[in-house]
Peer 1: 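Just dropping this structure here.
Because the structure is a prediction, the values reported are computed rather than measured. Numbering of ligands and ligand atoms starts at 1, following listing order. Computed from heavy atoms alone, side chains included, the values below leave out hydrogens, waters and symmetry copies.
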Amino acid sequence: MKTIGVLTGGGDCPGLNAAIRAVVKQAIIYDWEVIGIRNGWKGLIEGDVEPLTHYSVSGILSKGGTILGTSRVNPTKNIEDLQRLRDNIKKYGISGIIACGGEGTLSAALALYRRGIPVVGIPKTIDNDVSCTSKTIGFDTAVTIATDAIDRLHTTAESHHRVIIIEVMGRHVGWIAMAAGIAGGANEILIPEVPFDIEEICENLKQRYDHGKAYSTVVVAEGAIPKEGTGFRMPEQEIDEYGHVKLGGIGYLLKDEIEKRVGVDVRVTILGHIQRGGSPTPFDRILATRMGITAVKLLKDEDYGKMVALRGSKILPVKLEDAVAKLKTVDLDLFDLAKTFFG
Ligand SMILES: Nc1ncnc2c1ncn2[C@@H]1O[C@H](COP(=O)(O)OP(=O)(O)OP(=O)(O)O)[C@@H](O)[C@H]1O
Ligand SMILES: O=P(O)(O)OC[C@H]1O[C@](O)(CO)[C@@H](O)[C@@H]1O
Ligand SMILES: [Mg+2]
């Protein structure tokens, strides 16, 4: 009999509960015990844990968020926390840890693995920016929500002959913007990987009006940046308690520029955390279920330091160090395809 621990770290996303449920169900088949670690690595440092049984995971498959809670705490920040974490692993008899997280939480998992802690990772983040896996848990749901929003904003933009800017999440990468932009037929898509030229965008929008298309939808990732020397100034940005730049608001900067340069009525919708809430899509439920089960199997094989990944149609292990070596940025061939529909 083994005892394993499971935690969720970083921003929450739909599908985490489906993964936790799968971990618990598979562990029960092996006759193992599962300890739920509350609020990411913080719970392991503080010894904030709860046993997870059949009953604790009953009815959570379709529920958004994470029943375990989450945080962005770095367990390797100081030696004292690291020691407390080790003491708690010993205290609760944990022989393997499953960490569900984005590149930050998984980098911490790798750092712990390198210090001898038996850990495997499950990639989750609406941003879809973890390498070595074609999809992360939560991305499909976020794209579905953003596409629905674009569809709805499209009809009102058309009725009022307006430009509507839809700002979506995507701190370092533009996967949500690109996927939802293509699916929703956006007239412009702005992503962090390809700095934008405000003059070019305004020219395209003007041309649409000249050609009788008296409305437009513009999708912008929150982390989009202007091309240098193109006359678009970004304000100073605030930093949050975990050292992340506080994003959100590029849509309003674009609005001012477009109104000034094109002379049309512009409205802005910032989708924000709506993209991270609510029920996961069937795709995310299935992905999370498969990943959760495979992660437990890796612990059974004592195949630590790995992350489960979607490779083609299979869920396979990859090295954590490869998964976090660099962010998975947008496929620029796909972005080129999206450009066919700009203007
Ligand atoms: N190289 C690293 N080593 C140890 N800890 C790290 C490392 N990089 C990031 N972290 C910790 O992981 C936390 C979570 O990272 P982050 O906030 O990026 O979330 P995430 O897990 O990537 O999920 P998401 O990006 O979807 O919100 C960070 O706040 C930081 O404390
Ligand atoms: O929950 P917070 O701290 O506002 O985090 C927002 C960030 O989290 C993410 O949603 C990733 O989970 C980013 O796209 C976004 O920038
Ligand atoms: Mg991250």
Peer 1: Considering only protein heavy atoms, which is closest to atom 16 (O) of ligand 2, and at what distance to one decimal place?
Peer 2: E222 OE2, 2.5 Å
Peer 1: Measuring from non-hydrogen atoms of R171 to any atom of ligand 1, is the shortest distance under 4.0 Å?
Peer 2: no
Peer 1: Looking only at heavy atoms, what is the nearest atom pair of V6 and C100, with distance?
Peer 2: CG2-SG, 4.5 Å
Peer 1: Under a 4.0 Å threshold between the charged nitrogen and the carboxylate oxygen, would K90 count as salt-bridged to D87?
Peer 2: no
Peer 1: Got a sec: does the NZ of K255 have more than 12 other heavy atoms crowding it under 6.0 Å?
Peer 2: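 For K255, atom NZ is crowded (more than 12 foreign heavy atoms under 6.0 Å).
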Peer 1: Considering only the protein, which heavy-atom contact is closest to atom 18 (O) of ligand 1, and what is its distance?
Peer 2: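 The answer is E103 OE2, 3.5 Å.
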Peer 1: May I ask you to list the atoms of ligand 1 that are less than 4.0 angstrom from any heavy atom of T76?
Peer 2: 4 (C)
Peer 1: Would you call D148-R152 a salt bridge at under 4.0 Å N-O?
Peer 2: yes
Peer 1: Of the protein's non-hydrogen atoms, which lies at the shortest distance from atom 10 (N) of ligand 1, and what is that distance?
Peer 2: G104 O, 3.4 Å
Peer 1: Does ligand 2 have an atom under 4.0 Å from some heavy atom of G170?
Peer 2: yes
Peer 1: Please name the pair of heavy atoms, one in T105 and one in G10, separated by the smallest distance, quoted to 0.1 Å.
Peer 2: OG1-N, 3.4 Å
Peer 1: Which atom, counting only N, O or S, brings E103 closest to the Mg ion (ligand 3)?
Peer 2: OE1
Peer 1: Could you identify the single nearest non-hydrogen protein atom to atom 21 (O) of ligand 1 and state the distance to 0.1 Å?
Peer 2: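 So the nearest neighbour among protein heavy atoms is T105 OG1, 2.5 Å.
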Peer 1: For ligand 2, note which part of D240 has a heavy atom under 4.0 Å away: side chain, backbone, both or neither.
Peer 2: neither
Peer 1: Can you confirm whether the side chains of D12 and T66 place a donor and an acceptor under 3.5 Å from each other?
Peer 2: no
Peer 1: Please report the closest heavy-atom contact between L299 and K2, naming both atoms and the distance.
Peer 2: O-NZ, 3.1 Å
Peer 1: Does ligand 2 have any atom that is closer than 4.0 Å to a heavy atom of H273?
Peer 2: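 Heavy atoms of H273 do come under 4.0 Å of ligand 2.
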Peer 1: Quick one about K328 and N128 (side-chain donor to acceptor, distance below 3.5 Å, no hydrogens or angles considered), yes or no?
Peer 2: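 Distance-only check passes for N128 and K328.
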Peer 1: Quick test of your reading of the structure: of T70, N74, V73, whose heavy atom lies closest to atom 5 (N) of ligand 1?
Peer 2: N74
Peer 1: Between the side chains of E80 and R84, is the shortest nitrogen-to-carboxylate-oxygen separation below 4.0 Å, so that they form an ion pair?
Peer 2: no
Peer 1: Looking only at protein heavy atoms, which one is nearest to atom 7 (C) of ligand 2, and what is the separation?
Peer 2: R276 NH1, 3.7 Å
Peer 1: Which ligand 1 atoms does G11 reach within 4.0 Å, using its non-hydrogen atoms?
Peer 2: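 Per the distance check, 23 (O), 24 (P), 27 (O).
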Peer 1: Please say whether K124 places an N or O atom under 3.5 Å from an N or O atom belonging to ligand 2.
Peer 2: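 No, K124 has no N/O under 3.5 Å of an N/O on ligand 2.
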Peer 1: Give the residue and atom name of whichever protein heavy atom lies nearest to atom 26 (O) of ligand 1, and the separation in Å to one decimal.
Peer 2: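 Going by distance alone, atom 26 (O) of ligand 1 is nearest to T125 OG1, 2.7 Å.
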Peer 1: Ligand 2 and R171, any nitrogen or oxygen pair closer than 3.5 angstrom?
Peer 2: yes
Peer 1: Do I166 and V264 share a hydrophobic cluster (ILVMFWY, side-chain heavy atoms under 4.5 Å, transitive)?
Peer 2: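 The answer is no; the residues belong to distinct hydrophobic clusters.
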Peer 1: Indicate whether the side chain of S159 and that of T156 have a donor and an acceptor atom separated by less than 3.5 Å.
Peer 2: no
Peer 1: Run the numbers for me: atoms of ligand 1, each under 4.0 Å from some heavy atom of G102, listed by number.
Peer 2: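 Checking each atom against G102, I get 20 (P), 21 (O), 22 (O), 23 (O).
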Peer 1: So which heavy atom in the protein is nearest atom 13 (C) of ligand 2, and how far is it from that ligand atom?
Peer 2: D127 OD2, 3.4 Å
Peer 1: If we set the cut-off at 4.0 Å for heavy atoms, which region of R72 has an atom near ligand 2: side chain, backbone, both, or neither?
Peer 2: side chain
Peer 1: Closer than 4.0 Å to some heavy atom of G11 - which atoms of ligand 2 meet that?
Peer 2: 12 (O)
Peer 1: If you round to the nearest 0.5 Å, how far is CD of E259 from CG of D265?
Peer 2: 6.5 Å
Peer 1: If you measure from atom 1 (N) of ligand 1 to every heavy atom of G40, G10, G9, S107, which option wins on shortest distance?
Peer 2: S107
Peer 1: Please tell me whether H154 and Y215 form a close aromatic pair, meaning their ring centres lie under 6.0 Å apart.
Peer 2: yes
Peer 1: Just go through K124, M169, K77, R72 and tell me whose heavy atom is the nearest to atom 28 (C) of ligand 1.
Peer 2: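 Of the listed residues, R72 has the closest heavy atom.
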Peer 1: Spell out, as yes or no, whether a donor-acceptor pair under 3.5 Å connects the side chain of E103 to the backbone of V130.
Peer 2: no
Peer 1: Less than 3.5 Å between some nitrogen or oxygen of P75 and one of ligand 1, yes or no?
Peer 2: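 N/O-N/O distance under 3.5 Å: no.
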